[in-house]
There are 2 protein chains.
Amino acid sequence: MPPRPRAPRNTLSRELVVDTALRMLDEGGIEAFGVRALAKELGVGPMTLYTYFRGKEELLDAVRGQLLDTASLTCLHGDWQHRVRTICQRLRQLILDHPCLIHLLSTRPPSGRDAADAAEALLRTLTEAGFDEETAARTYTMLLGHVLGVTSLEVQLAAEHEDPDRRRHIRDTMTGLDPKRHPALVAHTAALRRTAGGDAQFEFGLELIIAGLERHTVLK
Amino acid sequence: MPPRPRAPRNTLSRELVVDTALRMLDEGGIEAFGVRALAKELGVGPMTLYTYFRGKEELLDAVRGQLLDTASLTCLHGDWQHRVRTICQRLRQLILDHPCLIHLLSTRPPSGRDAADAAEALLRTLTEAGFDEETAARTYTMLLGHVLGVTSLEVQLAAEHEDPDRRRHIRDTMTGLDPKRHPALVAHTAALRRTAGGDAQFEFGLELIIAGLERHTVLK
DNA sequence: ACCTGAACACCGTTCAAGT
DNA sequence: ACCTGAACACCGTTCAAGT
């Protein structure tokens, strides 16, 4: 990254800082990101950023908020199964597009405000489908945790797949397993590698949950 | 923490270093943990630790491995529903006992080796219950992601609950929601706060998944 | 092998100051 | 208000050296 030419005076703004931070996070990941590096990218001293943000934490919060606000995480047409499916898929896609979100969300959980549109759509959908208040709330929390967890796993596995050192390491540990102690695990090594990650794995889990929810509605 | 009296020569070991690191992580969390602080706690110069570990990352990996190896994440009695339930609950409990695990697991996903006993028990259980290889593998991955995600959310919410500043902040943002734009979310605020976290929330999700799996078996 | 202090190349942030 | 350089109190780690 060439250190940008110094920005002319008064061209900096909260928005520009956040956008640049997001771009750096998308390109280099959370490890490569720092206040100093961001300042250099903007052609500015590190302290300049403190005019717009109280500190690094507040800056990252702003990035997170921007990602969640900009995204369209709603779906209010079709039956409730379709809505739930679509909203969850959109949240997953947002994370796949911006893997830094995992870190930003796991440092501090999404408060109501952050993903308000998704929460609204899900809660309204579930209520209209006939779930009582408490079940709707529980289902919302469960779905959120599920999508974050499964997608997080997916992103990490993809990242490991990139690093040749790690790939070899995983290979070695898997082949080093004792077939006497872990016969089922050894037998499933290929299946695990074959199925891990991807749309199919995500949708498998999602459909399983929807199937469970359907049984809930039938029991009413 | 009083800086321990210098350890007598040759009393240090990989094991002691890992145990002390784990204790510090349990007490102060991942943010308070550092190579220098750990060394001080052991009454030793920071560089001493590099005799036992290549670096911080390898050290944290060892802590993670110890936690997962020591824990009993198996259950091979009762019907498959009971086994799945028990294994998932044990993994959750391990994370609740050692919240640092979330960070240790989200930096790098559990490879086969790490939670081999849990994987073995789950895969064997699912296979014996009649699921084919691919479905068993997918279910394993899905359950792992689910437990990690939901429990991670739970731990974070609990942590936020501790911090009075954050509590007030959440309160403010929730009450600041526009009832026109987010009527369902506003209506569910109380239910969300009432149900969030705890055994009940976790088991709600788990039973939902098990119900979905049962439908899978019925369809066969 | 085990352990050391000094030093290096970084962090995020405080401070006093300049426009 | 916007922006600055110098400095502070930290990091994890390399290095050359000591037992």
Side-chain angles (χ1 to χ4, degrees), chain A residues 1-22 24-25 27-64 100 103-104 106-108 163 165, chain B residues 1-22 24-25 27-64 100 103-104 106-108 163 165:
Chain A
M1 286 185 279
R4 293 293 167 91
R6 146 123 352 139
R9 230 164 217 278
N10 282 323
T11 51
L12 226 52
S13 67
R14 226 183 124 92
E15 208 188 6
L16 178 61
V17 174
V18 170
D19 286 346
T20 308
L22 175 56
M24 288 182 69
L25 284 164
E27 285 169 6
I30 199 88
E31 304 84 16
F33 179 79
V35 175
R36 289 175 121 104
L38 173 58
K40 184 183 279 186
E41 181 72 10
L42 288 163
V44 118
M47 283 313 100
T48 305
L49 303 179
Y50 284 74
T51 308
Y52 301 93
F53 299 93
R54 215 179 290 275
K56 189 188 189 184
E57 201 181 333
E58 194 180 298
L59 203 165
L60 287 176
D61 253 31
V63 172
R64 189 176 91 140
C100 63
H103 184 267
L104 299 179
S106 74
T107 304
R108 186 148 44 274
D163 188 335
D165 279 356
Chain B
M1 287 185 278
R4 291 294 167 92
R6 145 118 359 130
R9 237 172 209 272
N10 283 322
T11 52
L12 226 52
S13 67
R14 227 182 124 92
E15 209 189 6
L16 179 60
V17 174
V18 169
D19 286 346
T20 309
L22 176 55
M24 287 181 69
L25 284 164
E27 286 169 5
I30 200 87
E31 304 85 16
F33 180 79
V35 174
R36 288 176 122 103
L38 174 58
K40 184 184 277 188
E41 181 73 8
L42 287 163
V44 117
M47 282 313 100
T48 305
L49 304 179
Y50 284 74
T51 308
Y52 302 94
F53 300 93
R54 216 180 288 273
K56 191 187 189 184
E57 201 182 332
E58 193 181 298
L59 203 165
L60 287 176
D61 252 31
V63 172
R64 189 175 91 140
C100 62
H103 184 266
L104 299 180
S106 74
T107 304
R108 186 145 48 275
D163 189 336
D165 278 357

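Lettering of chains follows the sequences in order, A, B, ..., and the numbering in each one begins at 1. All of these numbers come straight from a predicted model, not from anything done at the bench.
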From A/K56 atom NZ to A/L38 atom CG, the distance as rounded to the nearest 0.5 Å: 10.5 Å
Distance, rounded to the nearest Å, where A/K40 contributes NZ and C/dC11 contributes C1': 13 Å
Nearest-Å distance for atom pair CG/C1', residues B/L16 and C/dC3: 15 Å
Produce the list of close N/O pairs, under 3.5 Å, pairing protein atoms with atoms of nucleotides 13-15 of chain C; give distances to one decimal.
| unit_1 | atom_1 | unit_2 | atom_2 | d |
| --- | --- | --- | --- | --- |
| C/dT13 | OP2 | A/Y50 | OH | 2.5 |
| C/dT13 | OP2 | A/K56 | N | 3.0 |
| C/dT13 | O5' | A/Y50 | OH | 3.1 |

Restricting to side-chain hydrogen bond (donor to acceptor under 3.5 Å, both in side chains), what partner residues turn up for B/E58, sequence neighbours left out? B/R54
Would you list the atom pairs, donor with acceptor, under 3.5 Å between side chains in residues 44-51 of chain A and any protein atom, with sequence neighbours excluded?
| unit_1 | atom_1 | unit_2 | atom_2 | d |
| --- | --- | --- | --- | --- |
| A/T48 | OG1 | A/G45 | O | 3.1 |
| A/T51 | OG1 | A/T48 | O | 2.9 |

Residue pairs meeting salt bridge (Lys or Arg N to Asp or Glu O under 4.0 Å), one or both in residues 30-39 of chain A, sequence neighbours left out, come to none
side-chain hydrogen bond (donor to acceptor under 3.5 Å, both in side chains) against A/E57, all qualifying residues, sequence neighbours excluded: A/R108
Expressed as a whole number of angstroms, how long is the span from B/F53:CZ to C/dC3:P? 13 Å
Check A/Y52 against A/V17 and note the closest heavy-atom contact, atom names and distance. CD1-CG2, 4.5 Å
Grab the CG-P distance between A/L38 and C/dC11 for me, whole Å please. 12 Å
For A/V63 and A/V18, the nearest pair of non-hydrogen atoms, with its separation, is CA-CG1, 3.9 Å
Least distance between heavy atoms, B/F53 atom then B/L59 atom: CD2-CA, 3.7 Å
Given atom CG of B/L49 and atom C1' of C/dT4, what is their separation to the nearest angstrom? 12 Å
Just to be sure I follow the notation: if a pair is Watson-Crick (purine N1 to pyrimidine N3 plus N6-O4 or O6-N4) or a G-U wobble (N1-O2 and O6-N3), each under 3.5 Å, what dot-bracket string does DNA chain D give, with | for pairs to another strand? .|.|||||...|||||.||
Has B/Y52 got a side-chain N or O lying under 4.0 Å from the OP1 or OP2 atom of C/dC3? yes
